[in-house]
Amino acid sequence: TMSHKPFGDLIPYGDPYWYTGNLCSPYYTEKHVQFRAKIRDFVEKEIMPNVTEWDEAGEYPKDLPEKAYKAGILGAMWPKEYGGTPPEGCDVFHDLIWVDELSRCGAGGLLWAVFFGFGIALPPILYHGSQKLKDKAARDIITGKKIISLAVTEPYGGSDVASLQCTAVRKGDHYVVNGVKKFITGGTRASFFTTAVRTGGPGMNGLSLLLIDRDLPGVKVTRMKTQGWWMSSTALVAFDEVQVPVDHLIGFENRGWQYIMENFNHERFVLAASSNRYARVCLEEAIQYARQRNTFGQRLIDHQVLRHKVAEMARQIESTHAMLEQIAFQMNNKVADKHVAGLIALVKVQATKTFDFCAREASQIVGGVSCQRGGPGEKIERLYREVRTNAIGGGSEEILYNLAKNRAKL
């Protein structure tokens, strides 16, 4: 157990407890402290000054992924074998810091398009794909030269993965793929799609994963207009008689369900950690504004009813962060996915509900400026548009409640 020097702006509850320098933690070493500083420096210099302009344009610079890679950020959680740049002693708490610090920019669309999205599209290839597929995709993706998207969700259903309708029929040395995928994050810029297809009968036992090149004949990508995540390059992806080489099958035929399910725990962990940081951003912005604005002869922050709002926001955020650390500790100690899946489901719900609450309460505190794009309330305004994407994506609250209770064997 150790404490560290104060770090950051030290706005109350604007960062995790151990940043204050006053509180101890059993989880973090000097290696974590150095890694934290490295990410914060990149985010504050390269992202935060530009993020509002990029969001309004709905685009981020094409060179951002490679710039982030050269800074040691993009490839930080990936194996050196394929160009990864993990910090010394890299563990799950580095991962938690990585997600948390990147999320300070308050722009989920950018994060999922550039930093987080390939975290759900590439692992099936690294864990189950052939050496040919690893060599084809991994290094270019990890180093920021190319983008890969996970293509599972369809217009006909999201959470009910076992009922997906996109088909892949084997004909000789190719699969012929037909179907449509929807809400594909990063899709308009993707070079590859890790695609869930039906190669067998109905239900979960008939699913497989294929790596599909974007430039194959019959692949059509259309950008979608979304409520939030304007930089996410979210797309509708249609496959019309697309011929995919048989050797682009990831793992074994009809084992796709297993590979997709393996992905969910970490995806939900990332969604939870990022959502809780977005809640912190809302709280931090509200406190800063309320300290400066005067109403009825006193600072906004001195009104008791608003101080109670701040206290409740902080209570929820700190509780959620403690749960994230608890889960990170289990993951760090290699506890089996099946034993942490229920907790991860619950922390994802907890985090997105906290984010939902804090976005609303921060908006109430700062008032009209949170309804304006640009200006002192711009982060709160942008994040308010992103609440539902985080609450629904990766498993809705209702699906995850059910999953957690099934795991508990009530």
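- Applying the side-chain contact (heavy atoms from CB on, under 4.5 Å) test to Glu81 and every residue at least two apart in sequence or in another chain returns nothing.
- Residues meeting the salt bridge (Lys or Arg N to Asp or Glu O under 4.0 Å) test with Arg385, sequence neighbours left out: Asp55, Glu381.
- Asn276 places a side-chain N or O within donor-acceptor distance of the main-chain N or O of Ile317, the cut-off being under 3.5 Å.
- Looking at Arg255, its side chain never comes within 3.5 Å of a backbone N or O of Ser208 through a donor-acceptor pair.
- Between Tyr17 and Glu325 the shortest side-chain heavy-atom distance falls below 4.5 Å.
- Contact annotation: the side chain of Tyr384 never approaches that of Ser370 to less than 4.5 Å [non-hydrogen atoms, C-beta and beyond].
- Taking a cutoff of 4.0 Å between a charged side-chain nitrogen and a carboxylate oxygen, Arg104 and Glu44 qualify as a salt bridge.
- Ring pair Trp18/Tyr28: centre-to-centre distance below 6.0 Å.
- Side-chain contact between Lys338 and Arg407: present, with at least one pair of heavy atoms (C-beta onward) separated by less than 4.5 Å.
- Between Val180 and Phe239, every side-chain heavy-atom pair lies at or beyond the 4.5 Å cut-off.
- With contacts defined as side-chain heavy-atom distances shorter than 4.5 Å, the pair Ile73/Trp98 qualifies.
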Sequence neighbours excluded and cut-off under 3.5 Å, please list the side-chain donor-acceptor pairs for residues 105-130, or say none.
unit_1: His128; atom_1: NE2; unit_2: Glu262; atom_2: OE1; d: 2.7
unit_1: Ser130; atom_1: OG; unit_2: Leu133; atom_2: N; d: 3.2

Worked verdict on Glu59 versus Arg189 for salt bridge (charged side-chain N to carboxylate O under 4.0 Å, His left out)
CA-CA 10 Å; Glu59 300 284 354; Arg189 295 200 184 190; 2.6 Å; yes
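- For the salt bridge (Lys or Arg N to Asp or Glu O under 4.0 Å) test, no residue two or more places apart in sequence or in another chain qualifies with Asp91.
- Taking His321 as the reference, nothing meets the ring pair (Phe, Tyr, Trp, His ring centres under 6.0 Å) condition, with sequence neighbours excluded.
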Would you check, one step at a time, whether the test side chain to side chain contact (heavy atoms under 4.5 Å, CB included) holds for Gln34 with Glu88?
CA-CA 10 Å; Gln34 293 166 14; Glu88 183 181 348; over 6 Å; no
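- Using a 4.0 Å cut-off between a side-chain N of Lys or Arg and a carboxylate O of Asp or Glu, Glu285 and Lys379 qualify as a salt bridge.
- For the pair Arg280 (side chain) and Asp15 (backbone), a donor-acceptor distance under 3.5 Å is present.
- With salt bridges taken as basic N to acidic carboxylate O contacts below 4.0 Å, none links Asp356 and Arg360.
- Taking the charged nitrogens against the carboxylate oxygens, Lys220 and Asp240 have no contact shorter than 4.0 Å, which rules out a salt bridge.
- Classification of Arg373 and Glu56 as a salt-bridged pair holds, one side-chain N sitting under 4.0 Å from a carboxylate O.
- Looking at residues two or more places apart in sequence or on another chain, you find a salt bridge (Lys or Arg N to Asp or Glu O under 4.0 Å) between Asp213 and Lys136.
- The backbone N or O of Gly375 lies less than 3.5 Å from a partner atom in the side chain of Glu378, making a donor-acceptor pair.
- Considering CD1 of Ile365 and CD of Glu361, their distance stands at 6.5 Å, rounded to 0.5 Å.
- No more than 12 heavy atoms of other residues, nucleotides or ligands lie within 6.0 Å of CZ in Phe183, so this atom counts as exposed by the packing criterion.
- Salt-bridge annotation for Glu46 and Lys67: present, with a side-chain N of the basic residue lying under 4.0 Å from a carboxylate O of the acidic one.
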